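The model shown is predicted, which means the values in this text are computed figures rather than measured ones.
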Amino acid sequence: MGGMILAQAPRKLTPTEDPQHFFGAELRYWRELRGFSQDELGAHLFASGDTLSKVEGAKRFPPRDLAVQCDAILGTGGILARLWDLADAKRVDGRSKAAKQASHVDSSTLDIHNALSAGTMKLRVDEGGNMWAEINRRSFMVGSAAALVSQVGTGEAAGLPIDSHAIDTANDPFGFARTVTANWPDLRLSRPVPDYGVDWTALLPDGKSMLGSNVPLQLHPARVEGSRALVSIPDQRRANSFLDRPGRGLLVGAAGDDDSPQFYVLDGRNARSRLKRDSGIHEVTAPLAYELDDLTFGILWAVANYDDALQADDQALNETRTDLERYDRLSSSAVSREAAPGLNAVAHMWLGSDFCARHILKALPDLPEVPAFWTREQRGEEASAWLLFDHKYPYLQATTRALGGPSTRAFCVPESVVHTSPRHERILLFLAVALMESLGIHAQFTSDASYEAVEGFVVSPNKEAIIANWVRGDGMWHVDVTGRSAVVREFTNAAGDVGAESLLEAPTAPERLRALANYLDLPWAWLVRRCGQLGKYGTAGLIQSRSRLVSAAGLDAACAYVGALPADS
C-alpha cells in the first residue's frame, strides 16, 4: 500500500431513531446526489469540509442558516430546513423535560418556551399590553404581557432556555434580528424608545480588552441588480435625520426572502454621499462586497471597538504618550498600566504596541545578522491591531525595508484557542498573517501550548536579542536589548523549533496561507472570493474610523492580497 491514504468510511447513522441522524443522512444524500464533495459544498458556505463531515455524521448540530443555505445550493425544496426544525424541536423537548423535573413553572409556560426555542412561535405585544402568540399564522392571546414576563422571569434560574430577543424579533419584517442573533449569539439588539430614526441599536460584544460598542442601525428594503444592491429609502425625512447625525450609524439594506435573507451594510457617512434623489426616487447603492457575513461582521466588530475606545480617550492618550517619551532614551523598560491611569484597556494596548514598534525599529539596525521574529497574538482581538492600529502597517513596511529581504515571524496558537475563537475572530487572525506574508514575512505556527509564555522577541540566532512585548503582559510593555547567553539561547531554540516543525511549512505564501486557513477551519475559496470583493472596494464604505489612531490601510492591503491568490484547490 506504501503511502496510499484510504478514505474514511462515513459514520453509520440511525436516521429512524434520531432526528439529528436523519438530518445528517439527508444532507449526505442530497450532497452526493448533486455531485458535491464536502470541501466543494463547504466552499459555497461559511463552513469547511471537516465541519460538514461532523454535521453529516451527527457529531455537530448546525445553525439553521446552514440548513437553509444547503437547501438553496442543493435544490432540495426546503427539506433540510424542515428537518432542522424537527431535530431542534427534539433537542429542545429533551431539555424542557429535564427542566420540568426541577422547576415549578407550569406546563403552559414551558410550552411557550419550547415553541419559541423551536422557532415555531412568534410573540407580539398589542397596545393594551396583551401578549399574542402566533403559531402557523393563527394568533392566540396568552394573557397580559406583564404577567407572562413575571412568570417566565425565573426561567433562567430554573434551567429553561430563554430567548432574550423573542419579543423584539416579533416585529422583525426583514428577519434581521432573527438572522444576526442566530449567526452571532454574543451580539445584542435593542429597540430604542423613542427611536429618533433608529430601528435597532446593536451592542457589539466586548473581549478580553475590547469594551464593546453601541452602533445605531436603520433598515430599508433592497434589491440586488448585477454587482450591487439598491437600497430603497421610502421615508426620506427619517433617513436624513439618521444620516445627518455626527455619530456613527450603519444603514442596512435587506434583500432576499424569509428563507435566505441578505443584508448589505453601509457606513452612515458613506451612505449620505451615495444617496440619489432622482425623479422622487431615493436610493443608496451598496456593493455586494458589503454583504453582512463573518468577514464583514469581524471588520465591523474590530473597527467599532478600537475606534470608539481610542476616540473616547483621545486627548488623554495623546498627553500620556508625550509623557512616556522619556522611556525612549532607555534600552530597557517595563512600564505598568499605572503609568497611564484612567485610560481604557484599548488605549493601553495602543500605547504598548506603539512603543514596542519604535523600540524594535531603533534597535534593529544594530543586530549582527538577519533575525527571526516572535509574536504573541493568538486571537482576532489581538491580531486585528496589525490591521487597524495606525502605526502597525508602516512598522511592518519599515522592518521589511530595514532587513532588505524575507524574514520569519512565529506564532503560538494552540488548538484550544482555535476551538474557542468565533469564526470572525479567526478570520481577523488570518488577515493579519496574510498582511505579513504580502510583505515577504514568512509565517510559522506552532500549536504547542508550552510556547505560550514566551515573550515577543527579535533574535539574531545565538548572538543578540530584542525583547518587545505588549500582548498579554503584566504591564503596558516590557522591552530590552540583550546579549545574555541564556536569554538568547532560549529565543534561538524557540524560533528554531517552531521553524523546523511549523504547521504552515510550505515553500510559497499562498500554500502557507492555505494551510493556515485549514488550521483555523476557514473555507479557502470563500476567503479568496470575499477578500477579492472587499479589496476592490475597500472597507471605508462599510465602516469609517473616526479616531486618528485607527487606519484601514493594512486591512485593505490584506484583503487585496488574499483576493488575488488562486482559489483553486
Side-chain angles (χ1 to χ4, degrees), residues 124 165 168-181 183-184 187-204 213-293 295-297 299-301 303-304 307 533-534 536-546 552:
R124 63 180 175 85
H165 306 293
D168 283 342
T169 56
N171 185 21
D172 187 21
F174 301 115
F176 178 77
R178 170 176 55 82
T179 301
V180 299
T181 53
N183 289 336
W184 303 287
L187 174 71
R188 293 291 177 263
L189 292 175
S190 64
R191 284 193 179 278
V193 179
D195 61 46
Y196 297 115
V198 177
D199 291 322
W200 295 100
T201 297
L203 174 58
L204 298 175
S213 175
N214 284 305
V215 182
L217 309 173
Q218 191 178 86
L219 272 69
H220 296 284
R223 67 187 187 280
V224 174
E225 290 188 359
S227 62
R228 60 182 185 168
L230 298 178
V231 184
S232 299
I233 311 294
D235 188 339
Q236 181 188 357
R237 178 178 297 179
R238 191 167 187 272
N240 286 340
S241 69
F242 179 79
L243 298 176
D244 290 343
R245 65 184 65 197
R248 176 182 291 115
L250 298 179
L251 195 73
V252 181
D257 52 38
D258 290 343
D259 291 330
S260 57
Q262 295 115 29
F263 301 99
Y264 300 91
V265 180
L266 281 171
D267 182 88
R269 291 180 180 177
N270 184 268
R272 183 172 55 200
S273 66
R274 290 170 175 260
L275 187 61
K276 296 180 179 179
R277 303 177 175 89
D278 296 333
S279 302
I281 300 174
H282 301 86
E283 291 183 331
V284 177
T285 302
L288 298 189
Y290 293 168
E291 182 177 0
L292 185 61
D293 57 15
L295 172 61
T296 49
F297 178 81
I299 292 171
L300 294 171
W301 173 73
V303 171
D307 197 51
Q533 291 174 328
L534 270 183
K536 178 180 178 181
Y537 291 95
T539 57
L542 176 71
I543 182 169
Q544 292 183 4
S545 61
R546 294 172 292 165

Quiz item: Taking it one step at a time, do Asp307 and Arg248 satisfy side chain to side chain contact (heavy atoms under 4.5 Å, CB included)?
Solution: CA-CA 10 Å; Asp307 197 51; Arg248 176 182 291 115; 2.5 Å; yes
Quiz prompt | Separation between NE2 of His282 and NE2 of His220, rounded to the nearest 0.5 Å | solution = 11.5 Å
Practice problem: Find the distance between CG (Leu230) and CZ (Arg228) and round it off to the nearest 0.5 Å. | Solution: 4.5 Å
Quiz item: Between Arg223 (side chain) and Ala255 (backbone), is there a donor-acceptor pair under 3.5 Å?
Solution: no
Exercise. Return yes if some donor-acceptor pair links the side-chain N/O of Arg188 with the main-chain N/O of Leu203 below 3.5 Å, else return no.
Key: no
Quiz item: Checking side chain to side chain contact (heavy atoms under 4.5 Å, CB included) for the pair Asn270/Leu542: CA distance, chi angles, key distance, verdict?
Solution: CA-CA 8 Å; Asn270 184 268; Leu542 176 71; over 6 Å; no
Quiz prompt | Asp293 side-chain N/O to Thr296 backbone N/O, donor-acceptor pair under 3.5 Å | solution = yes
Practice problem: Give a yes or no on whether the backbone of Arg178 and the side-chain of Asp172 come within a donor-acceptor separation of less than 3.5 Å. | Solution: yes
Exercise. Please name the pair of heavy atoms, one in Arg238 and one in Gln218, separated by the smallest distance, quoted to 0.1 Å.
Key: O-NE2, 3.3 Å
Exercise. Nearest 0.5 Å please: distance from the CG atom of Leu189 over to the CH2 atom of Trp200.
Key: 6.0 Å
Exercise. Grab the two heavy atoms, one from Phe263 and one from Phe176, that are nearest each other, plus how far apart they are.
Key: CZ-CA, 3.5 Å
Quiz item: Hey, is the main chain of Glu291 close enough, under 3.5 Å, to the side chain of Gln533 for a donor-acceptor pair?
Solution: no
Quiz item: How close do Tyr537 and Ala289 get, heavy atom to heavy atom, and via which atoms?
Solution: CD1-CB, 3.9 Å
Quiz item: Looking at Leu288 and Ala229, what are the two nearest heavy atoms and their distance?
Solution: CD2-N, 3.8 Å
Quiz item: Can Ser241 and Asp244 be counted as having a side-chain donor-acceptor contact under 3.5 angstrom?
Solution: no
Quiz item: Within a strict 4.5 Å, meaning less than it, do heavy atoms of the Leu300 and Val215 side chains meet?
Solution: no
Quiz prompt | Side-chain heavy atoms of Val198 within contact of Leu217, under 4.5 Å | solution = no
Self-check item: Check: Asp267 side chain, Gln544 main-chain N or O, donor-acceptor pair, under 3.5 Å
Solution: yes
Practice problem: Taking the side chain as every heavy atom from C-beta outward, state whether Tyr264 and Val224 have any pair of such atoms under 4.5 Å apart. | Solution: yes
Quiz prompt | Approximate separation, where rounding is to 0.5 Å, of Asn183 CG and Leu292 CG | solution = 8.0 Å
Quiz item: What's the shortest heavy-atom distance between Glu283 and Ser232, and which atoms?
Solution: OE2-OG, 4.1 Å
Quiz item: How are the rings of Trp184 and Phe297 set relative to one another: parallel (under 30°), tilted (30 to 60°) or perpendicular (over 60°)?
Solution: parallel
Quiz item: Do Phe174 and Thr179 have side-chain heavy atoms sitting under 4.5 Å apart?
Solution: no
Quiz item: Name the one of Thr285, Val284, Val252, Ile543 that satisfies side-chain contact (heavy atoms from CB on, under 4.5 Å) with Leu266?
Solution: Val284
Self-check item: Closest heavy-atom pair and its distance - Leu243, Ala271
Solution: CD2-CB, 4.1 Å
Exercise. Check whether any side-chain heavy atom of Leu251 lies under 4.5 Å from a side-chain heavy atom of Ile233, and answer yes or no.
Key: yes
Quiz item: Got a sec, which residues hit side-chain hydrogen bond (donor to acceptor under 3.5 Å, both in side chains) with Ser545, two or more places apart in sequence or on another chain?
Solution: none
Quiz item: Do any N or O atoms from the side chain of Arg245 and from the backbone of Phe242 form a donor-acceptor pair under 3.5 angstrom?
Solution: yes
